[in-house]
Amino acid sequence: MTLEVADVRRSLSDPRRVAALLGLDRGALRMRGGLAVCCPWHKEKTPSCSLSTGRDGTLRVRCFGCGETGDVLTLVAEVRGLDLRRDFHAVLEEAAALAGVELPPERLAPLPAPARELPALEDAVFDELVSPMLNSGRLDGSPTVAPVVRDLVARGLLEAARADGWAALPELGQGQAARLRFCVDVFGAELVERSGLATRRRGDLAWAWPRHLVCIPWRTPAGLVQTVQRRRLDPGEPKYVFPSGRRPRFPYGIERLRAAPAASPVVFVEGAVDVLARRVLDFGRSDGRVVLGVPGVDGWRVEFATYARGRVAYVATDADESGERVVERWSDDLYAAGAREVRRLAPPEGSKDWCDALGARRAAA
Ligand SMILES: [Zn+2]
């Protein structure tokens with residue numbers, strides 16, 4: 001573990017690169033051994049927070065305005081609205097994503113949940129707690145959800161997203177804080193914090209990942225919302241996050257399998273967006289196929305293969321190196337779990353994934 005943390009620290013040791021990756025480079029001033037940026041802890045217009053490379057070769061952060069000090073993980077946590085101690089895994093994942101360092105799969109595994117002071121909520125309680133959040137962020141005509149609606153319309157996914165109960169968080173300053181206060185009023189601060197959706201920043205509860213506006217419910221086979229993935233619309237990284245301690249335990253779309261006839265094929269794709277895209281592409285097809293979204297190629301779990309028992313299974317991962325790399329392993333797992341037949345279904349020439357493929361088909365129509 002220390003080795004990975006050290007790797008992440010080492011790859012984020014250059015003050016200018018770190019400032020650029022975290023969007024702190026605007027108005028930054030060069031100084032000896034690094035640069036000064038506007039401090040993320042205290043609001044200021046003149047940069048007084050110094051980023052430099054320390055004697056051990058890692059990044060040192062020191063603000064001459066408010067006195068905050070730390071290393072690159074402290075900085076990432078503050079900028080991303082995370083608590084370094086409580087959300088350590090999320091901070092590490094975020095820093096690794098910024099650095100382009102791949103964490104070993106067990107680091108990203110959905111279970112066991114990372115150790116935290118507060119126990120994670122049971123699925124039934126989590127489902128109840130997020131239902132007002134998802135309901136008040138319904139993808140209707142309200143101005144607070146407009147950025148998310150526009151994004152989904154542009155990709156031809158709005159109807160499919162609505163059908164699955166996707167929602168939007170208002171932007172910062174556009175009612176985001178009020179939405180949280182509402183949840184706290186109804187459920188109490190402790191439950192909201194235990195949901196992993198909010199985090200304490202100097203005593204105050206705030207949304208974790210405030211820039212990730214798209215809310216994507218991942219369900220249990222019985223249809224309870226087990227976790228809410230969030231996606232950001234701006235170009236920052238990481239694109240997708242899960243609440244702290246609540247990685248998905250089931251593939252996206254699993255709740256549709258129960259109602260599907262025994263002969264329905266299953267199609268495994270990468271992620272929730274591609275599930276929607278694949279469903280739109282499959283519209284009108286009569287084989288009753290069920291599309292299941294694996295949380296990234298590294299999120300595959302052997303037990304997912306059992307959902308294909310007695311069925312035809314399609315491995316429909318992205319047409320890129322990592323997508324191709326897993327075809328053989330998933331196929332082996334699927335056959336071993338009793339799939340009747342396994343076929344590769346690759347996005348068409350020129351498309352990286354199913355969202356691309358849908359875009360290409362819409363452009364041609
Ligand atoms: Zn400061």
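The first residue in the sequence is number 1, and the count goes up from there. Both ligands and their constituent atoms are indexed starting at 1 by order of listing.
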(request) Answer yes or no: are there more than 12 heavy-atom neighbours, outside R162 itself, under 6.0 Å from its atom CZ? (result) yes

(request) Check the surroundings of atom CD in E303: do more than 12 heavy atoms from other residues, nucleotides or ligands lie under 6.0 Å from it? (result) yes

(request) Heavy atoms only: give me the nearest G253-R279 pair and the separation to one decimal. (result) CA-NH2, 4.0 Å

(message) Between the side chains of D332 and R329, is the shortest nitrogen-to-carboxylate-oxygen separation below 4.0 Å, so that they form an ion pair?
(response) no

(message) If the condition is salt bridge (Lys or Arg N to Asp or Glu O under 4.0 Å), which residues does D71 pass it with, not counting sequence neighbours?
(response) R9

(message) Applying the side chain to side chain contact (heavy atoms under 4.5 Å, CB included) criterion to P243, which one of T227, V130, L121 satisfies it?
(response) T227

(request) Under 2.8 Å from the Zn ion (ligand 1), how many protein N/O/S atoms do you get? Just the number, please. (result) 4

